[in-house]
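Okay, structure first, notes after.
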Amino acid sequence: MDIEELQTFVEVADAGGVSPAALRLGVSKSIVSRRLFRLEAELGVQLLARTTRGAALTEAGATFRDYAARVCAEIDVAKETILPAGDLRGRLRVAVPLSFGQTYFAPILAEMARRHPQLQIHTCYSDRFVDLITEGYDCAIRVGYLQDSNLIARRVGPIYGKLVASPDYIKAHGSPETPEELVAHEALMQGTEAWQLTDGDKIITVRPQGRFKADNGTALVAAAAAGLGIGYLPDCLTHEYIASGALVPVMTRYPPPPAGAYVIRPPGQHPARKIRVLTELLIEYCEPAPHLAGAAPVS
């Protein structure tokens, strides 16, 4: 049984159709269709039911998909085992936050590509929540406070943040001194999130209100510098503004608790060596310079 046919079937099953699977694999739709036809002919069963919206797994396909995925994963591990030490091949699909990923993580991914010339790295920069399994990513770099999930996370660096506002905003509205006072101010937010603050060893949760919202940290920094409100933002996005005086820290008695930058991968017993290498490289770069690994602690 051809391993490419198995891999193609798993991609189609996970992507939900031939077209998105072809895009993931970097081949034409006709090649994907031929591989599926050969696999179904060899097995003597229909694995996928073609629909106007894509492709749905038959009962046999749903059963076979899990076995095929495990075979493909074992083959990948076997290939990595026999490669020369340090040599990586194949493709690595990574989802990275947009707000600061292009500035702070892109150079690290470029360095990985330089060190491993046989490795293909495909990166998606977006602040939306990416479903790794459904969308076929090997891993993601995520930042902030992680929510419970069945994904496996490895911390690669700390993230420090501050509450900040512009001098003009403080002049017009004053500077809050307590969490209770903060609720009365205009907050610059990503959505309806809660903000966490520390009072010694105690964690305080505040639910701020505000009229300006954006799903991008860079946009929130710009809004803070324009005097629109108070931002709960990472040092990596604000340190230059603070250095120039465009923003100033507020409520320094109640700093946000440190968050983290993480490599997230789908569950599995053995992470691919390319994911381990990326994780180690991120730790190498992020731990000595935590302000470069920061991101909004609410992402």
Side-chain angles (χ1 to χ4, degrees), residues 1-83 88-96 116 118-126 128-142 147-153 263-278:
M1 191 172 294
D2 192 320
I3 187 63
E4 279 192 338
E5 294 172 5
L6 289 178
Q7 291 171 332
T8 299
F9 165 66
V10 172
E11 289 285 358
V12 173
D14 292 349
V18 170
S19 296
L23 187 62
R24 290 185 187 184
L25 293 167
V27 299
S28 68
K29 291 187 291 185
S30 61
I31 290 177
V32 171
S33 296
R34 284 199 296 271
R35 290 175 182 173
L36 291 174
F37 177 80
R38 288 196 299 265
L39 180 60
E40 289 180 324
E42 185 169 357
L43 292 171
V45 296
Q46 184 179 2
L47 299 174
L48 293 157
R50 281 66 171 178
T51 70
T52 56
R53 294 185 177 182
L57 288 170
T58 64
E59 184 177 352
T63 300
F64 187 69
R65 185 261 169 218
D66 293 337
Y67 288 102
R70 285 200 291 271
V71 169
C72 293
E74 289 297 328
I75 291 293
D76 286 342
V77 171
K79 285 180 178 179
E80 289 182 348
T81 302
I82 63 175
L83 285 175
L88 294 178
R89 296 184 184 182
R91 184 186 61 180
L92 176 64
R93 297 190 76 226
V94 189
V96 182
H116 303 281
Q118 301 302 313
L119 179 67
Q120 301 176 46
I121 298 180
H122 297 180
T123 310
C124 171
Y125 291 92
S126 173
R128 71 178 179 85
F129 186 86
V130 173
D131 187 324
L132 300 187
I133 297 174
T134 302
E135 299 183 48
Y137 286 92
D138 296 295
C139 64
I141 301 172
R142 288 188 182 160
Q147 299 178 353
D148 292 336
S149 75
N150 64 340
L151 301 176
I152 297 174
V263 172
I264 309 294
R265 65 176 176 87
Q269 186 175 4
H270 302 291
R273 184 151 66 95
K274 57 193 175 184
I275 298 177
R276 297 199 304 270
V277 169
L278 173 61

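The closest donor-acceptor contact from the side chain of Glu11 to the backbone of Ala21 lies at 3.5 Å or more, if one exists at all.
Scanning all heavy atoms of the two residues, the minimum distance from Tyr137 to Cys124 falls at OH-CB, 3.1 Å. When all heavy atoms are compared, the tightest approach of Ile3 to Cys72 is CD1-SG, 4.0 Å. A pairwise comparison of heavy atoms in Ala55 and Val12 identifies CB-CG1, 4.3 Å as the closest pair. Scanning all heavy atoms of the two residues, the minimum distance from Val94 to Ile141 falls at CG1-CG1, 4.4 Å. For the residue pair Leu6 and Ala68, the shortest heavy atom distance occurs at CD2-CB, 4.0 Å.
Between Ile31 atom CD1 and Leu25 atom CG the span is 10.0 Å, to the nearest 0.5 Å. Distance check: Ile275 CD1 to Ile264 CD1 gives 11.0 Å after rounding to the nearest 0.5 Å. The line from CZ of Arg34 to OG1 of Thr8 is 11.0 Å long, rounded to the nearest 0.5 Å. Taken from CG in Leu57 to CD in Gln46, the straight-line distance is 11.0 Å, to the nearest 0.5 Å. Rounding to the nearest 0.5 Å gives a distance of 9.0 Å between CD of Glu5 and CG of Leu36. Atom CD of Gln7 sits about 8.5 Å away from atom CG of Asp2, to the nearest 0.5 Å.
Counting only heavy atoms from C-beta outward, the side chains of Leu92 and Cys139 approach each other to under 4.5 Å. Counting heavy atoms from C-beta outward, Leu132 and Arg142 have side chains that approach closer than 4.5 Å. You'll find the side chain of Ile121 stays beyond 4.5 Å of the side chain of His116, heavy atoms only. Side-chain contact between Arg65 and Asp14 is present, with heavy atoms from C-beta onward closer than 4.5 Å.
Residue pairs satisfying the ring pair (Phe, Tyr, Trp, His ring centres under 6.0 Å) criterion with at least one member in residues 44-76, sequence neighbours excluded, are listed as follows: Phe9-Phe64. Screening residues 22-43 for ring pair (Phe, Tyr, Trp, His ring centres under 6.0 Å) gives no qualifying pairs among residues at least two apart or on separate chains.
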